[in-house]
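Residue numbers begin at 1 in each chain, while the letters A, B, ... track the order of the sequences.
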Amino acid sequence: MTTQVALSNVGKTFPASPTTAALHALGPIDLELQRGEFFAVVGPSGCGKSTLLEIIAGLTPATQGSVEFEGRRIAGEAPDSIGVVFQEDASLPWLDVTENVAFGLRRSKLAKDERDARVRDALRLVGLSDFATSYPAQLSGGMRQRVCIARTLVMQPRLILLDEPFGALDQQTRLLMGDELLLMWRATGATVFLITHALDEATMLADRIGVMSARPGRLIDVVETNWPRERDSRIVERSEFGAITARLWKTLREESLKTIGRAVPKPAADA
Amino acid sequence: MSERRRHGGRNALLLVAALFALWQAIYWAVGDIALSSPLATLRYTAQLVTGEDFRMHLSDTMRAFAIAFVLSVVIGLLVGFWLGFDRLSGDALEPMIVTVYAIPKLTLYPILLLAFGLGLSAKVAFGVLHGTIPIILFTLGAVRNTRPILLKTAHVLKLSRPQMVRWILFPAAIPEIFTGLRVGFSLTLIGSLLAEMFASQRGLGYLLMNGIGLHNIELVMSVTLLIVVFAAAVSTLLLQVDRKLHRKG
């Protein structure tokens, strides 16, 4: 296994403004992601999980420490080989499914054949081949999220960052989407970095799970699941599944209490 | 879909029939002094439309309206996009524009007349005064209310600023902008016609005032009918496109 992403001493402090005090939101965090692994992050709300993802994605700069992707430092803008999927529906309503997926390649200089082939493959992988000409408004929430995943896949990223991609979906759909995510992960060989607030989702999907503390978010535990690479949602039947989820909760319970125990309103920077 | 369309068509016909029935009923109630009957009006309209001067009046109104609408659209979109992008200018100017929008614009007409003189330019200016503001406000709102997640997506896909505007912002804003154009269309028409009614020697608005001056009820009714039919037809068409755009969004 080789290291693909290396975070060292990464942290983020939002500077003070005339109306708010400075806010230490995240870190310091040291973490290495191995090429091809499935890493999940859980943590109490407001602990800076999304900020961490945005730092790796190059969407927001860290105020301390450094992030290296495949040996190169990420500063400001992330390379094309990192793909991001958000929780919110980011499908483009004026384009049909095929055009939405192809949108990921609009900037690229690929030949049309190659482009079409990639779009077709991505649609097949997320199970939307039959909906190629539908518009997002005609699709369910889960299907729209798959459109966004496919849009990321066509770029053939070597690292896929997912920020609570199934957060807005119902429980059954989430389990099934988890299965699809595992399929996609195996098919592409990409590294997956998943942020979730659902402990069972993290346990079911990941090779390793990072547990974050309340703000300022730090990694307080990294749990290995030791699942086989070939796996699906039926893994919830295993006895280890309960044990791992319980361990996560044990670590997280106190941290989550800290978050909800605060009576003061959250500072603006949290939003 | 075709079922729904057939339904819609039948409803529209029913509505038109009901309006004519109401018209006839009011005519019976108030008599020739204030109203002409639907039949007499249609007959007079046919005569009017084929008459000599009508073409001149119509083309005058249409020219003023067309120029005014094109100007409204161009100014409205430019200013709307600018204010939508530039937060500070938008915050500063939007309340003023809303206030101007609330002023009964007829009160500004004497000033416009003095500035532009009688004739085409005053009509155009008055039409633009009515039409631009809704287009500005709708465009501004559309640009500002683009969902942040779409802008974030543009960032993740590393689109340049022009690409972001062309591929994300503009298409995302189109349904709202179109609503602005639809409202702007009606108001520009009102503006140009009002201008013709108060100070003009030609055009449908002038014809209307002339009819009132001569107490030619049939002329008044015919011109009104023509304007209503034109405005309703275009509005319906625009509304249909509008709905289609919004359904996708």
Side-chain angles (χ1 to χ4, degrees), chain A residues 50 53-54 56-61 74 76-97 99-108 133-139 144-145 147-149 151-155 157 159-165 167-168 271, chain B residues 1-5 77 80-81 84-85 87-88 91-92 138-139 141-182 238-249:
Chain A
S50 293
L53 179 134
E54 290 189 353
I56 301 175
L59 287 171
T60 184
I74 292 176
E77 203 161 85
D80 280 332
S81 30
I82 299 184
V84 190
V85 179
F86 300 104
Q87 170 180 2
E88 240 182 298
D89 169 24
S91 60
L92 307 172
W94 59 90
L95 300 178
D96 71 20
V97 167
E99 293 161 337
N100 253 291
V101 174
F103 195 85
L105 294 173
R106 226 185 237 199
R107 229 169 32 85
S108 80
T133 55
S134 303
Y135 282 87
Q138 300 167 296
L139 305 178
R144 271 184 247 171
Q145 202 54 288
V147 170
C148 297
I149 293 176
R151 186 169 67 204
T152 304
L153 290 182
V154 289
M155 301 165 78
L159 170 64
I160 302 173
L161 308 171
L162 301 143
D163 190 357
E164 305 211 17
Chain B
M1 193 67 195
S2 72
E3 175 107 343
R4 197 193 293 169
R5 197 170 292 163
L77 289 182
F81 266 101
F85 273 128
R87 190 96 224 177
L88 184 66
D91 284 347
F138 272 96
T139 307
V143 173
R144 239 189 223 179
N145 296 334
T146 309
R147 291 168 53 222
I149 185 72
L150 296 185
L151 302 181
K152 223 167 166 183
T153 302
H155 196 139
V156 166
L157 296 175
K158 296 181 203 68
L159 302 185
S160 66
R161 208 172 153 80
Q163 285 171 338
M164 195 265 284
V165 172
R166 217 168 69 228
W167 294 343
I168 302 253
L169 212 64
F170 198 65
I174 276 185
E176 277 305 291
I177 291 177
F178 194 84
T179 306
L181 294 185
R182 189 168 59 77
L238 293 178
L239 193 62
Q240 246 161 29
V241 180
D242 200 342
R243 290 228 179 101
K244 201 175 260 172
L245 286 171
H246 273 92
R247 211 173 305 141
K248 256 193 216 169

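Between B/Trp167 and A/Leu95, the closest side-chain pair of non-hydrogen atoms is not below 4.5 Å.
For a residue to count as touching a neighbouring chain, one of its non-hydrogen atoms must lie under 4.5 Å from one of that chain's; by this rule B/Ile174 does not touch chain A. Both the backbone and the side chain of B/Leu157 come within contact range of chain A, with heavy atoms under 4.5 Å apart. Using a 4.5 Å cut-off between heavy atoms, A/Glu54 touches chain B through its side chain atoms alone. Heavy atoms closer than 4.5 Å to chain B are found nowhere in A/Thr152, neither backbone nor side chain. Both the backbone and the side chain of A/Arg106 come within contact range of chain B, judged by heavy atoms closer than 4.5 Å.
Summarising the geometry, atom CD1 belonging to B/Ile149 is positioned 9.0 Å from atom CD belonging to A/Gln87; distances are rounded to the nearest 0.5 Å. Taken from NE2 in B/His155 to OG1 in A/Thr60, the straight-line distance is 9.0 Å, to the nearest 0.5 Å. In this structure, B/Lys158 NZ and A/Ile82 CD1 are separated by 7.5 Å, a value rounded to the nearest 0.5 Å.
Applying the salt bridge (Lys or Arg N to Asp or Glu O under 4.0 Å) test to residues at least two apart or on different chains, the pairs with a partner in residues 160-182 of chain B are B/Arg182-B/Asp242.
The neighbour count for B/Phe178 CZ, taken as heavy atoms of other residues, nucleotides or ligands under 6.0 Å away, is above 12.
A/Phe86 meets the ring-ring contact (aromatic ring centres under 6.0 Å, His included) test with no other residue; sequence neighbours excluded.
Using modelled atom types, one side-chain atom of B/Arg147 and one backbone atom of A/Asp89 make a donor-acceptor pair closer than 3.5 Å.
Shown here for B/Leu150 and A/Ala90, the closest heavy-atom pair between the two residues is CD2-O, 3.9 Å.
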